[in-house]
Amino acid sequence: MIIIQEDMSPNVKIVLSILQDEIDGNVKSAINKMHPNYSMTWMYKTKNGTLFPSSRPNFKAEMNDIYAITGRDYDIRHITEADNVVMVELIESYPDPKTGEEFRTPLVLVLEIENEKIKTGRHYCDPQIPYLHLSKDELVKIYK
């Protein structure tokens, strides 16, 4: 569970609450936090060669697949903001639906906010890391 404190800024609260929506699988609540022109770009190259894949006009349909994953957890390591940008460094964890093995990925999200809605995001990670099935202890070492 993500803890949202009263003294946090509205933009940080929006970001943390949408991460909690993802944990809870609450697509409807998450969509209410997204700008009508929302887009997310993953800052890597996919296995099929797509550079910087993004979710733009079809994000609502894609969210149903993403939010269907149960057992997701976010270990937030750092969060900072400036004007209308929130940056979050975290470790995302979730079980493989077929094997139950745990995927863990250190990543950084850069989210731009407009009119109290998340308008754009960039997702920075190495997409191969989850397949290493690293333990929490192995990943926590990088933050010391």
Side-chain angles (χ1 to χ4, degrees), residues 1-47 49-97 101-144:
M1 171 175 237
I2 295 176
I3 300 194
I4 300 172
Q5 299 172 357
E6 269 308 304
D7 62 345
M8 292 177 169
S9 76
N11 287 344
V12 168
K13 287 179 182 178
I14 290 167
V15 169
L16 293 178
S17 67
I18 201 168
L19 291 173
Q20 186 63 52
D21 289 339
E22 193 167 348
I23 290 168
D24 296 339
N26 192 340
V27 174
K28 183 178 179 181
S29 179
I31 288 172
N32 287 333
K33 295 173 180 81
M34 296 175 169
H35 190 279
N37 296 324
Y38 171 83
S39 69
M40 176 63 78
T41 302
W42 287 265
M43 307 304 286
Y44 55 74
K45 186 176 180 179
T46 66
K47 289 181 183 180
T50 302
L51 186 59
F52 308 129
S54 66
S55 179
R56 294 186 196 278
N58 208 18
F59 78 88
K60 290 180 183 178
E62 293 172 8
M63 285 181 64
N64 287 320
D65 291 336
I66 293 167
Y67 279 50
I69 297 170
T70 58
R72 188 182 307 271
D73 184 49
Y74 291 116
D75 177 3
I76 297 172
R77 307 307 293 190
H78 298 97
I79 189 163
T80 190
E81 68 177 314
D83 293 329
N84 291 314
V85 176
V86 176
M87 296 174 64
V88 184
E89 182 181 33
L90 56 96
I91 300 171
E92 177 182 36
S93 302
Y94 57 93
D96 182 316
E101 284 187 281
E102 198 74 17
F103 289 118
R104 288 186 183 83
T105 310
L107 61 98
V108 173
L109 296 171
V110 178
L111 301 164
E112 297 179 46
I113 314 291
E114 183 178 293
N115 297 326
E116 298 182 3
K117 304 278 185 179
I118 299 171
K119 185 171 184 184
T120 61
R122 286 171 302 284
H123 187 283
Y124 294 86
C125 75
D126 179 341
Q128 300 307 308
I129 294 291
Y131 300 103
L132 299 176
H133 299 287
L134 299 171
S135 71
K136 286 182 182 181
D137 290 341
E138 288 174 297
L139 286 173
V140 168
K141 287 178 188 176
I142 65 176
Y143 295 98
K144 291 186 179 191

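Note that these values count all heavy atoms, side chains included, but never hydrogens, waters or copies made by symmetry.
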Inset, instruction - Measure the shortest side-chain to side-chain distance between I129 and L132 over non-hydrogen atoms and say whether it is less than 4.5 angstrom. - result: yes

Legend entry - Where E81 and S9 come nearest, the two heavy atoms and their spacing: OE2-OG, 2.6 Å

Legend entry - Spacing of CE belonging to M87 relative to CD1 belonging to I79, to within rounding of 0.5 Å: 10.5 Å

Inset, instruction - Mind checking the CE-CG spacing from M1 to D73? Nearest 0.5 Å is all I need. - result: 12.0 Å

Inset, instruction - State whether the number of non-hydrogen atoms from other residues, nucleotides or ligands found under 6.0 Å of L51 atom CG is greater than 12. - result: yes

Inset, instruction - Just do the side chain to side chain contact (heavy atoms under 4.5 Å, CB included) check on K136 and I91 with the steps written out, would you? - result: CA-CA 9 Å; K136 286 182 182 181; I91 300 171; over 6 Å; no

Inset, instruction - Quick one: which residue pairs count as a salt bridge (charged side-chain N to carboxylate O under 4.0 Å, His left out) with a foot in residues 103-115, not counting sequence neighbours? - result: E112-R122, E114-K119

Legend entry - Which residues share a ring pair (Phe, Tyr, Trp, His ring centres under 6.0 Å) with Y131, sequence neighbours left out: F103

Legend entry - Over 12 non-hydrogen atoms of neighbours within 6.0 angstrom of CE in M8: yes

Legend entry - Exceeds 12 heavy-atom contacts within 6.0 angstrom, atom CD of E116: no

Legend entry - Side chain D126, main chain Q128, donor-acceptor under 3.5 Å: yes

Inset, instruction - Any side-chain hydrogen bond (donor to acceptor under 3.5 Å, both in side chains) involving residues 13-26? Give me the pairs, sequence neighbours left out, ordered by first then second residue. - result: Q20-D24, D21-S29, D21-K33, E22-R72, E22-Y74

Inset, instruction - Could you walk me through whether L111 and N11 pass side chain to side chain contact (heavy atoms under 4.5 Å, CB included), step by step? - result: CA-CA 9 Å; L111 301 164; N11 287 344; over 6 Å; no

Legend entry - Heavy-atom closest contact (P106 atom, Y143 atom, distance): CB-OH, 3.7 Å

Inset, instruction - Determine the minimum heavy-atom distance between P130 and P127, stating which atoms define it. - result: CD-O, 3.4 Å

Legend entry - Nearest-0.5 Å distance, CG of residue L16 to CD1 of residue I4: 5.5 Å

Inset, instruction - Taking all non-hydrogen atoms of both residues into account, name the closest pair between S135 and E138 and its distance. - result: N-OE1, 2.7 Å

Legend entry - Smallest separation among heavy atoms of F52 and M43, with atom names: CD2-CA, 3.7 Å

Legend entry - Heavy-atom closest pair, residues P53 and Y44: CD-O, 3.4 Å

Inset, instruction - For the residue pair V15 and L109, establish whether any side-chain heavy-atom pair is separated by less than 4.5 Å. - result: no

Legend entry - Test item: L19 and I76 side chains (from C-beta on) under 4.5 Å apart, heavy atoms: yes

Inset, instruction - Would you give the length of the straight line joining atom CD1 of I23 to atom OG1 of T70, rounded to the nearest 0.5 angstrom? - result: 12.5 Å

